[in-house]
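A short write-up of the structure that comes next.
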Amino acid sequence: MSALLETRGLSRSFSGLRAVHEVDFTLPEGQVRALIGPNGAGKTTFVSMLVGRLAPSSGTVLFDGRDVTGLPVHARVRLGMAYTFQITSVFLRLSLHENVALAARRRLGGDGLAVERAVREALSRVGLLEHARRNAEELSYGHQRLLEIAMGIAQKPRLLILDEPTQGLADGEIADFKALLGELARETTILLIEHNMSVVMEVAEKITVLNFGEVLAEGSPEEVHADPRVQAAYLGVPDVAG
Amino acid sequence: MSETARILALHAGLVALLLVLNFVLPAYPQGNLARIMVLASYAIGYNVLFGYTGLLSLGHAMFFAAGMYGMGLSMRHLGFPAGPALLAGLGAGAALSLVVGLLALRTAGVAFMIVTLMFAQAVYLAILLFGKYTRGDEGFVIPQADRVLAGIDLSDPFNRYFVALALFSFCLFSVLWLIRRPAGRVLVAIRENEERARLLGYDVFAHKLGAVVASGTISALAGAFYGLLFGYAGASFAAVQYSILPLLWVLLGGAGTIIGPFIGTLFMFYLIDLTSGLTSAYMLIAGVALVLLTLFAPQGLAGELRKRLWRWLP
Ligand SMILES: Nc1ncnc2c1ncn2[C@@H]1O[C@H](COP(=O)(O)OP(=O)(O)OP(=O)(O)O)[C@@H](O)[C@H]1O
Ligand SMILES: [Mg+2]
């Protein structure tokens with residue numbers, strides 16, 4: 001498998017605080033990778049540099065073998081990255097239909113029928129089709145998260161970056177989400193930041209652990225789960241220990 | 001009736017009503033309405049940027065004036081007939097909005113408001129400075145003999161109303177078309193959540209620039225027609241008051257609605273017209289009415305209509 005995404009010495013500091021430090025990271029095409037780590041480990045900062053929301057202090061990002069470090073956000077998205085925010089970010093005053101249509105139209109242009117099809121498909125996959133005419137602000141928080149994932153699906157990305165997608169979802173919704181992730185895994189490469197260990201253990205093929213901005217461990221779910229350093233980093237976080 | 005059919009019926013209905021009014025109205029309201037339609041075209045242009053893209057400009061008078069003076073000066077000094085003079089006004093507006101957009105869009109929010117205000121002040125002062133050509137504050141009259149377009153005498157009230165209506169319909173339907181296209185939907189997306197739009201792969205800067213140019217060019221077209229139809233170009237049209245007016249019209253009528261700019265312009269025109277006939281403190285009454293409206297209809301008249309009755313209103 002060739003690397004779809006690679007970072008070399010990627011770093012970012014905030015006025016002296018090393019949020020991400022010298023991260024070398026390789027993600028092969030087609031893999032589902034989980035990125036975990038305690039609060040403040042630098043996960044969001046790291047993926048923000050991947051999509052270009054944040055400029056690195058140093059280091060490079062390669063996407064599909066191409067150096068994209070200097071490219072603006074929209075250009076990287078055009079190359080095939082998609083990103084869902086940790087703090088839900090949708091178009092609250094627009095309908096669900098229009099939210100997803102905006103995601104699909106960038107790829108499909110003015111082809112109304114194709115856009116319509118893509119919108120229906122994406123909304124039904126997250127189970128929100130019946131709400132298509134409602135405005136996003138009328139949805140529960142959990143449903144807004146699902147809407148954001150539908151927008152990701154409608155973009156048909158090569159790399160889908162999900163920043164804590166299950167945050168705020170009810171248990172039943174999480175079960176559905178795991179199933180959805182399983183399906184998506186067959187279509188695209190996924191980088192998943194997740195605190196819910198049952199999701200990570202069931203879905204991820206490989207896990208990268210970030211701690212204080214550096215890669216602490218990397219390996220299969222079993223390896224990472226057994227790693228004493230990881231357990232130490234998570235001390236007091238019952239999810240991993242249990 | 002499908003949504004598209006309903007939308008077309010409403011806006012075409014308005015145009016048809018205005019057309020009929022030309023045959024039945026007495027001279028005074030006929031003249032008023034012609035003026036309102038040209039000013040509403042200006043407001044429609046302003047609304048592209050403010051209502052649909054979410055960018056508040058405090059300097060749109062410079063675009064209105066660019067159209068007016070581009071038209072007027074090319075007639076006065078270069079001997080252009082009406083048609084080419086209108087095109088000169090249009091071109092001046094397009095060029096100015098491109099330059100202003102490229103520079104002002106490096107800023108956002110309050111800074112964008114200030115920068116547009118400053119550019120407009122510069123244009124206003126330039127008009128005064130080159131008084132030799134522009135006749136400064138006093139302005140200049142466009143002779144009746146020159147106000148002929150395709151053989152039509154524009155100083156005739158009936159013709160003038162008709163041309164004002166043609167301009168208004170053109171602006172109304174162009175913007176309706178624009179905001180229903182994918183590019184127009186992106187403008188709304190930028191207004192609602194700029195970062196999300198960017199992360200869907202849209203070039204936010206390019207779309208905003210397009211919005212500034214479309215908005216500025218429509219405003220300039222309105223300015224060019226205003227000068228031609230009413231026979232006068234003056235520096236007061238470039239002053240800050242003419243930057244604030246379209247903002248008020250759009251806010252009153254409903255920002256981000258197609259029909260709102262017309263409703264707002266009509267409402268404010270008659271509010272001032274009627275109250276000034278009653279009392280010398282008419283600006284006070286107009287002010288109170290504006291405050292009441294912003295309190296009880298914060299989305300503007302058409303905005304409230306959309307919220308309460310017609311969710312499909314574009
Ligand atoms: N814009 C910023 N300015 C200053 N400090 C920041 C900024 N963004 C993040 N940080 C700091 O960088 C560190 C890493 O933050 P980041 O949000 O990347 O962590 P995270 O792993 O995503 O945490 P969480 O699991 O809570 O989402 C934290 O100490 C945070 O306070
Ligand atoms: Mg985070």
Side-chain angles (χ1 to χ4, degrees), chain A residues 47-48 50-54 71-85 87-95 97-112 114-115 119 133-137 144 147-148 150-158 160-161 163, chain B residues 2-7 50-54 105-106 108 176-211 254-257 260 298-300 302-304 306-314:
Chain A
V47 294
S48 295
L50 301 183
V51 288
R53 287 178 66 213
L54 206 58
L71 289 186
V73 171
H74 65 90
R76 299 191 204 196
V77 174
R78 276 158 191 256
L79 290 176
M81 292 189 193
Y83 175 79
T84 69
F85 289 81
I87 298 160
T88 311
S89 176
V90 295
F91 303 107
L92 286 172
R93 298 196 300 170
L94 303 183
S95 70
H97 183 281
E98 181 61 12
N99 269 274
V100 181
L102 279 162
R105 255 188 236 120
R106 215 268 309 136
R107 178 169 60 86
L108 300 167
D111 183 350
V115 170
V119 170
R133 293 287 150 202
R134 293 171 67 186
N135 278 1
E137 62 192 350
Q144 286 180 10
L147 170 61
E148 202 168 348
M151 291 161 80
I153 294 173
Q155 290 180 73
K156 287 241 183 310
R158 296 184 63 194
L160 180 59
I161 301 172
D163 198 345
Chain B
S2 84
E3 200 169 286
T4 307
R6 233 184 286 175
I7 289 167
F50 174 64
Y52 286 105
T53 318
L105 285 174
R106 292 162 187 277
L176 179 60
W177 173 81
L178 171 74
I179 60 117
R180 286 167 62 82
R181 291 195 72 249
R185 306 310 303 162
V186 176
L187 299 185
V188 172
I190 290 172
R191 177 191 76 194
E192 293 296 318
N193 187 341
E194 182 171 330
E195 178 158 49
R196 209 344 133 199
R198 191 174 287 124
L199 271 155
L200 289 180
Y202 293 111
D203 186 341
V204 168
F205 182 84
H207 279 87
K208 281 184 178 175
L209 184 61
T257 63
Q299 319 235 10
E304 294 297 319
R306 165 155 71 192
K307 204 169 96 186
R308 287 161 210 277
L309 285 176
W310 297 340
R311 273 198 67 174
W312 48 269
L313 204 65

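Remember, predicted model here, so these are calculated numbers, not experimental data. Protein chains get the first letters and strands the later ones, always in sequence-line order, with residue 1 at the start of each.
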Original post:
Which region of A:Ala82, side chain (C-beta onward) or backbone (N, CA, C, O), has a non-hydrogen atom less than 4.5 Å from a non-hydrogen atom of chain B, or is it both or neither?
Top reply: neither
**OP:** Indicate yes or no for a side-chain donor-acceptor contact from A:Asn99 to the backbone of A:Leu94 under 3.5 Å, with no hydrogens or angles considered.
**Re:** yes
Subject >> Region of B:Arg181 in contact with chain A, defined by heavy-atom distances below 4.5 Å >> reply: neither
Original post:
Is the side chain of A:Arg158 donor-acceptor paired with the backbone N or O of A:Met81 at a distance under 3.5 Å, no angle test?
Top reply: no
Subject >> Single hit among A:Arg105, A:Arg133, A:Arg134 for salt bridge (charged side-chain N to carboxylate O under 4.0 Å, His left out) with A:Glu98 >> reply: A:Arg105
Original post:
Using non-hydrogen atoms only, which part of A:Leu102 is less than 4.5 Å away from chain B: side chain, backbone, both, or neither?
Top reply: both
**OP:** Please look at A:Arg107 and chain B and tell me whether the side chain, the backbone, both or neither of the residue comes under 4.5 angstrom of a heavy atom of that chain.
**Re:** neither
Original post:
Where does A:Val115 contact chain B at under 4.5 Å (heavy atoms): side chain, backbone, both or neither?
Top reply: neither
Original post:
Do you know which of B:Arg311, B:Arg198, B:Glu192, B:Arg191 has the most heavy-atom pairs under 4.5 Å to chain A?
Top reply: B:Glu192
Subject >> Salt-bridge criterion met for B:Glu194 and B:Lys208 (N-O under 4.0 Å) >> reply: yes
**OP:** May I ask you to check whether over 12 heavy atoms, not counting those of B:Leu309, lie within 6.0 Å of atom CG?
**Re:** yes
